[in-house]
Amino acid sequence: MHKITSTSEYTIYESTAELPNDVAMLMEKAVAARKEAYAPYSKFRVGAAVLLDNGEIIQGSNQENAAFPSGLCAERVAVFYAGAKYPNAKIRQIAISAASDVNQTTAPIPPCGACRQSLAEYEVRQEIGIEMYFMGETGVICKSDSLKNLLPFTFDKNFL
């Protein structure tokens with residue numbers, strides 16, 4: 001028997017004013033996408049903005065459906081669209097912002113499990129990490145250099 005120790009490192013920015021200018025602009029696009037979310041059931045709006053290595057920025061917002069779980073999260077909307085439109089581009093960064101119509105979200109909101117798995121697929125495929133920045137409606141922003149910080153035991157094509 002032996003133990004494995006897994007550590008994760010995150011950078012915390014106290015506000016969007018502390019972010020590098022390019023990341024602040026990407027987060028602004030995530031916030032704008034969040035405001036366009038279709039979330040009549042959960043009242044929880046999420047926006048994502050993806051920066052590709054070709055300079056393109058793709059936005060996505062969560063899209064709910066009365067026939068659960070037919071909706072799609074903002075992160076997957078943005079990433080899947082990027083993959084469909086620019087199949088050879090690599091994802092450099094993703095910015096995510098989440099807000100509730102019911103309660104104020106002040107803590108960083110990370111991607112859900114399904115989105116983490118989808119992002120893991122892209123990291124494995126492109127063989128480089130995706131910088132992730134996530135926040136609530138207000139408050140601090142959390143940065144992870146790779147999805148592996150959020151999902152250290154990644155299930156990917158190597159297991160198939």
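Computed from a predicted structure; not experimentally measured.
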Under 3.5 Å, side chain of [X] to main-chain N/O of [Y], donor-acceptor pair present?
X      : Y      : result
Asp53  : Lys90  : yes
Asp156 : Glu121 : no
Asn149 : Ser144 : no
Gln59  : Val50  : no
Ser61  : Val46  : no
Glu137 : Thr106 : no

Ignoring hydrogens, what is the shortest heavy-atom contact between [X] and [Y]? Give both atom names and the distance.
X      : Y      : result
Glu18  : Tyr13  : OE1-CA, 3.4 Å
Gln117 : Phe155 : NE2-O, 2.7 Å
Val124 : Lys157 : CG1-CE, 3.9 Å
Arg34  : Arg45  : CG-O, 3.4 Å
Ile94  : Ala48  : CD1-CB, 4.3 Å
Tyr41  : Asn65  : CE1-C, 3.6 Å

For Gln104, does the CD atom have more than 12 heavy-atom neighbours from other residues, nucleotides or ligands under 6.0 Å away?
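Result for CD/Gln104: enclosed.
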Under 4.5 Å between any side-chain heavy atoms of [X] and [Y], yes or no?
X     : Y      : value
Gln93 : Leu26  : yes
Glu64 : Pro40  : yes
Met27 : Met135 : yes
Leu52 : Tyr86  : yes

Shared hydrophobic cluster for [X] and [Y] (ILVMFWY, side-chain gaps under 4.5 Å):
X      : Y      : result
Leu150 : Ile130 : yes
Ile91  : Met25  : no
Leu119 : Tyr10  : yes

Report all side-chain donor-acceptor pairs from residues 73-85 shorter than 3.5 Å, counting only partners two or more places apart or in another chain.
none

